[in-house]
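Atoms within a ligand are numbered from 1 in the order they appear, just like the ligands themselves.
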Amino acid sequence: MTNMTNNKKVLKFVEDSAALACPDKIVWIDGSVEQRDALRAEAVATGEMIKLNEELLPDCYLHRTAENDVARVEDRTFICSRKEEDAMPHSIVKWMDPEKAYKMAADIARGKMKGRTMYVIPYSMGVVGSPFSRIGIEVTDSIYVVLNMEIMTRVGKMCLDELGENGDFVKGFHCKCDVDPEKRYILHFPEDDTIISVNSAYGGNVLLGKKCFALRIATYLGKKEGWMAEHMLILGCKRPQDKEIKYVAAAFPSACGKTNLAMLIPPKEYLDAGYEIQTVGDDIAWIRVGEDGRLWAANPENGFFGVAPGTNEHSNPNALAATKKGTIFTNVAYNPENNTVWWEKLTKEAPAHLIDWKGNPWTPETNADGKHPAAHPNSRFTAPAENCPCISPEFNSKQGVPLSAIIFGGRRATTTPLVYQSRDWNHGTFVGTIMSSETTAAATGAVGVLRHDPMAMKPFMGYSVDQYFQHWIDMGKKVPADKQPKIFNVNWFRQDEKGDFMWPGFGDNMRVLDWILDRCEGKVDAQETAIGYVPYAKDINIKGTDVTEETLDKLLYVDKARWAAEAEEIEKYYDDNFGDKLPKEIRENLETLKRNCAE
Ligand code: OXD
Ligand code: MN
C-alpha cells in the first residue's frame, strides 16, 4: 500500500480504517513541501479554502466550517475506559463503554469516505527523537485537517522512521461523515491509545494531536509512566538581575489569555532594562522529572491554534506577526476589498464591507445589536510557531526547559487577588483543584457562567479527576522540595464596583511575573494570609500604569468572609463530585483554608 513504512501495526490500522470507511483513494502524507502545496491548491480549487492576498498575507488561507460546528463539543466527548470508575467522576467529559463506543462509531463511519480520499498523517507530538515525544497516526478525509496538522505538529516520513518496524503509536481516526451534530462524537480509548472523531470538522475536535492526544490520551500515559500532560503555556523570562533565563508554565481555561501571556511584551521601562519574554508554548506542556531532579517542560506542538478576535497590535503583536504568513484562518471575516481577513478588535474601526464568517455580506450596522459579529467569537488562526518573533531558542530543544514556577489562573470578577503564592507543592495542587472561571466561547454552551475548572483541565482529562489530583500529589513526591517549582495563582480579571477591570493586564502582567520570579529566587518577602502568600503592595511596581495605590490594595485584598463562603462552595463541589475519593492532602488543605478564614 505504501513504501513509507514496514510497521505492521501502522499498516493494519490504515487497512482497517479503509475497510470500514471505504475511501476511493489513500494518500500518505510525507511532509514534503511539494505535496503540501498541491493539497493547498486542491483545497482552493474545491472551495474548501480561499487563498488570501499573496503580498499582504503570503501563503495564507481562509476556511469556514459548518455553522453548527464551531467549537469543541464537551457534551459529546467521551472517555471510553474499560471500567467506568477509571473515567468518572468527570463532570464534563462523559464515559462510554468501549465496546459500545467502537460499535457506534463504526456504524456511523461505515462507508462514509466513499467518493473521498483518506489521508494518512504520520506526526510527532514533540521534537522527533526527544524523550518527551510521541508519535501518532491520524487518518482523515479532510484536506483542512491535513493542512492544519502540518502546521500544528511535526508531520512526515521521519515519524514513521522513528517508529521503525515495531514502534507503537496513538491511532486517530477522523471522518467528517455528514457533519451531523446529532451524530458527532469525540471518543477516547486511553487503554488502546486510540481516538475516534466523527461528524465534525472543527479544529479542537479533529486535529487529533492537540486536545485528544496531547492532553486526554497523554494525561493517561503520564499517569501510567510518571509524567504530566497539562493545559499550560510555557514561557522563558530574561531579566537583567538573573544569571539565566527562568521558565514558567501557566494554566488558564480556554480563551483566557494563555497565548497573550506566552507572547507578552514587557512595558517600555522593563524592555529598556533588558527584560524579554520568550515563548516556548501557548497551550500544552508535557512535564517530566529531569536528570537533575527538577521538573522540565516541553511543548508538544509546532504551531499556535489561537483565538483570533481580540488579537491586535496592542493586545498581542507577536501573535499577530505570527499570522502574517503560512497561516490558516478559520471562521474569521473576509475583506473582499483587499482579499485579507478581519476579526473583532483587529482594528478600532471595522471595514465598511465584509463577508462574515458564515459567508454573508456584513457591514458594521449588521452588528448593531452586538449579536452578529463579523468573525465567530471562537474563530481561530493556525500559525507556524517559527513565525513568532519571540519564539524561544529552546523551542526545539530535546530536553525541554526547567520550571521555576507554575501558575494557575482564571477569570474571576471578585474574591481572587491579583496574585498569591501557595505554601508548598500540596497546597499548590489544592490551589489548582479549586480553580474556577467564567466560561468563554471556546466550547459550546453559555458564556460568562462561573464553573469549576481544576487546573484548566476539566475538559481535557483522560481519566478520573480524583486520580488526576492524586497524580499531582504523587509527582510532587518525585521532586525534592528545594527543586520543586513554586506554585502561584493569578487573576487579571478582578473588577471594581462599576464592573471595570482593575488591572490593565497584557504587557503589564510582566509586573506580576517579576514578583513571582523574585519569590522563586527568595528575593522578596510576602505577607502570609488565609489563602497563602500575597505581595506587599510596595513590591508590585505600578509606576507607569494608571493603577492607583488604592486600587492595588484592593487587587491584593483577601476578604476572609468571601473566602469562607468560597471554601464552603468548594467543599460542596468536592463532596458532590468526589466524596471520599478526594486525596487526603487536598482535603487537609481545604480544612486549613476553612480554619484560616474562621480565625
Ligand atoms: C484551545 C482550547 O483551542 O482550549 O486551545 O479550546
Ligand atoms: Mn487550550
Are any of the N or O atoms of [X] closer than 3.5 Å to those of ligand 1?
X    : answer
K258 : no
K210 : no
K211 : yes

Under 3.5 Å, is there a donor-acceptor pair between the [X] and [Y] side chains?
X    : Y    : result
S200 : N205 : yes
T330 : Y144 : yes
S379 : N331 : no
T311 : N316 : no

Using a 4.0 Å cut-off to any heavy atom of [X], which atoms of ligand 1 qualify?
X    : answer
H231 : 4 (O)
D283 : 5 (O)
R72  : 2 (C), 4 (O), 6 (O)
S254 : 2 (C), 4 (O), 6 (O)

N, O or S atoms of the protein lying under 2.8 Å from the Mn ion (ligand 2)
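The answer is K211 NZ, H231 NE2, D283 OD1.
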Review point. Between N260 (side chain) and F506 (backbone), is there a donor-acceptor pair under 3.5 Å?
Key: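 Not a single qualifying donor-acceptor pair exists.
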**Asked** Does R494 reach the main-chain N or O of W503 with its side chain, forming a donor-acceptor pair under 3.5 Å?
**Response**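 Side chain of R494 to backbone of W503: no pair is present.
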When the ring centroid of F430 is compared with that of F469, is the distance short of 6.0 Å?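 Not under 6.0 Å, so no.
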Check: Centroid-to-centroid, W425 to W472, below 6.0 Å?
Finding: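 That pair passes the under 6.0 Å test.
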Check the surroundings of atom NZ in K345: do more than 12 heavy atoms from other residues, nucleotides or ligands lie under 6.0 Å from it?
->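 At most 12 heavy atoms, drawn from other residues, nucleotides or ligands, come within 6.0 Å of this atom.
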